[in-house]
Q: 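Dropping a structure here in structure tokens format, bear with me for questions.
Within every chain, numbering begins at 1; the chains are lettered A, B, ... in the order of the sequence lines, protein sequences first and strands thereafter. Values reported hereafter were calculated over all heavy atoms of this structure, with side chains retained and with hydrogens, waters and symmetry mates removed.
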Protein chains: 2
Amino acid sequence: MRAVSRGADGRISTTMTTSMTSDGDPLEPDLGRPVERRALRDGVYDAILELLLAGRVKPGASLSIDALARQLGVSPTPVREAMVQLEHTGLVTRAALKGYRVAPPLSAERMSELVDARTILEVAAVRGAVPMSDVALLELKAAHSDHVLAGDYVKRMRARNDEPSWSVVRRYYTADWAFHRVILSHCGNQYLLQLAEFLSPQVHRLRQLLGHGLTDVDQALAEHGDILDAIASGDNERAENAMRTHLLAVRARSLAES
Amino acid sequence: MRAVSRGADGRISTTMTTSMTSDGDPLEPDLGRPVERRALRDGVYDAILELLLAGRVKPGASLSIDALARQLGVSPTPVREAMVQLEHTGLVTRAALKGYRVAPPLSAERMSELVDARTILEVAAVRGAVPMSDVALLELKAAHSDHVLAGDYVKRMRARNDEPSWSVVRRYYTADWAFHRVILSHCGNQYLLQLAEFLSPQVHRLRQLLGHGLTDVDQALAEHGDILDAIASGDNERAENAMRTHLLAVRARSLAES
DNA sequence: TGCCCATAGATCCTGTAGGATCCATGAATA
DNA sequence: TATTCATGGATCCTACAGGATCTATGGGCA
């Protein structure tokens, strides 16, 4: 665990990876990019989120406020606020006056329900996102290329009989999710994106549960490619089916390894 | 605004209405009902949520931590934690190192998107909830009866040319939402309920925005009755259509009054 | 004169330290 | 064996100090 640190000028700085819910907007004209104003508790939130998603704490283990504060080098108050913020992710459970614990693992049934919920949201999103504007389509292609690149890293490590490191696996999953996010961002309904992001911590936890298997990188990338082609073709129904097929396969892969 | 108070024994007690997300379980054998363990910040959360849903603060107004703490008779820390908890509802916006503000009002477009998102979730939920078990059906009928009763109060007040009080309106809306919650609870996918509850604060705010009009109580109750009948008949498609029709009407009524 | 910038004060958010309260564990007793 | 009670540890809240932001006032410049 790394300590959250303050810069020499008193500003907050953390070298942890940023929250996965940060909006990318990679090709915005760099003129008016709003500087993010962050308090200490935001860095603490990222650190604990990373801790949970990396699976470095066992489900059911208690998360002591004081212990986390000591490890991160801050006082308990910002840790408490970060934990409050973490409650709605479902990654931790709270018992008032008793403390926080790491949420119990997902059962096979819950995993199935989770993917079903994603299917409901994302099929509806694809329906609203097609036809897609040219600039959005470029964004989607860029996201897919990045995903392919991240998949290459994974496959290359595996080819050398190395267990893919967590950072590589994380990069792959982040790129995977970014692809879906682009579609959700352009579906014409901002609530669908919010709902999907509400689910995303659980989805990431599910993947972490699967033991870094990533045995079907090629297949997953091919399915994403199908979705991309279908959206580019402007055919609503074909795009919906491609998304549905992909998520059905995701469910099958998830359940196969549980 | 009422002060959050501690009892003589130090226990927390608040006379504010409970959170709308509390699960009912009305007919549990009264032996081992688990007592809810609540910290002070939970009461503060309820108080501020009520403040926001009742519309007693204008959109865009700043929510001062210290001022709220003074009004509620507590120190700033539990207020800050309640505000953190309130962030994910979308009812307040946060700027780090600057403070919280009441979220801006929903535009017509956002209202439409919100109801669309509800439609996506709830139509899928009805599909999974039919056929419904007998005990669940009884629960649904009870919820509907309570809704009718609450509607009667509203209509009776209006018949006397009284503006329905906030508590009466709130009771009506709570019963309305409870009806939908029963369906979502028995759809076989707990994430659908969580997603709908994620949207519910915005839905309640939307209604509060409509200026306590409640001009179509009878029509809304009739639509709920149709949904109930369709679910009881065990006909999936008919139930889905009833729900879709209801939410289309909700959208029309919402947009008509904006 | 009019506009822009700098500065001082007030206000508020943020984080720390410390004490009060509550829960869980284990020993003592009937 | 079951119950009671004391002890340790953690949570939770309060009070206080530090830092950032905002507003108003005054000086500099065109």
Q: Would you say C:dC12 has OP1 or OP2 under 4.0 Å from some side-chain N or O of B:Lys98?
A: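 Indeed not, no polar side-chain atom of B:Lys98 lies that close.
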
Q: Tell me the interatomic distance from A:Ile65, atom CD1, to D:dG9, atom P, rounded to whole angstroms.
A: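 Rounded to whole Å, this separation is 18 Å.
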
Q: Whole Å only: how far is the CG atom of B:Asp66 from the C1' atom of C:dT11?
A: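 My rounded result for the distance is 9 Å.
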
Q: I want to confirm an ordering. Mapping A:Thr77 and B:Arg70 to their closest nucleotides on DNA chain C, which one lands closer to the 5' end?
A: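 Residue closer to the 5' terminus by nearest nucleotide: B:Arg70.
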
Q: It should be established whether B:Ser64 places a side-chain nitrogen or oxygen under 4.0 Å from OP1 or OP2 of nucleotide C:dC13.
A: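 B:Ser64 to C:dC13 OP1/OP2: side-chain N or O found under 4.0 Å.
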
Q: Which of the following nucleotides, D:dT11, D:dC13, C:dC12, is nearest to the side chain of B:Ser75?
A: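 It is D:dC13.
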
Q: Check every atom of C:dG15, D:dC13, C:dT14 against the side chain of B:Arg94 and return the nucleotide holding the closest atom.
A: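 Output: C:dT14.
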
Q: Let me know the distance between CG of B:Asp42 and P of D:dC12, rounded to the nearest Å.
A: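 Going from B:Asp42 (CG) to D:dC12 (P), I get 9 Å.
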
Q: Could you tell me whether the side chains of A:Glu81 and A:Tyr45 share a donor-acceptor contact shorter than 3.5 Å?
A: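 Their side chains do not contain a donor-acceptor pair, so the 3.5 Å distance test is not met.
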
Q: How long is the line joining CD of A:Glu81 and C1' of D:dT11, in whole Å?
A: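 After rounding, the reported distance stands at 15 Å.
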
Q: Any non-hydrogen side-chain atom of B:Leu149 less than 4.5 Å from a side-chain atom of B:Arg171?
A: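 Sidechains of B:Arg171 and B:Leu149: in contact.
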
Q: For the side chain of B:Arg80 and the base of C:dG15, is some donor closer than 3.5 Å to an acceptor across the two?
A: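 Per atom types, the contact qualifies.
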
Q: Could you give the CZ-to-P distance, from A:Arg37 to D:dG19, as a whole number of Å?
A: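 Value for this atom pair: 18 Å.
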
Q: Quick one: label B:Ala96 by what it contacts on the DNA or RNA (base, sugar-phosphate, nothing), any heavy atom closer than 4.0 Å.
A: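 Touches sugar-phosphate only.
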
Q: Of all the nucleotides listed (D:dT11, C:dG15, D:dC13), which has the minimum atom distance to the side chain of B:Pro78?
A: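 Closest nucleotide among those given: D:dC13.
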
Q: Among side-chain atoms of B:Thr77 and B:Ser75, is any donor-acceptor pair under 3.5 angstrom?
A: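 Their side chains do not contain a donor-acceptor pair, so the 3.5 Å distance test is not met.
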
Q: Where is the tightest heavy-atom contact between B:Ala143 and B:Phe179, given as atom of each residue plus distance?
A: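 Closest approach of B:Ala143 to B:Phe179: CB-CA, 4.1 Å.
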
Q: Between A:Leu97 (CG) and D:dC12 (P), how many Å, whole number?
A: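 For the pair A:Leu97 CG and D:dC12 P, the rounded distance is 6 Å.
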
Q: Assess, by modelled atom type and distance only, whether the side chains of B:Arg41 and B:Gln85 contain a donor and an acceptor separated by less than 3.5 Å.
A: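 B:Arg41 vs B:Gln85: donor-acceptor pair found between side chains.
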
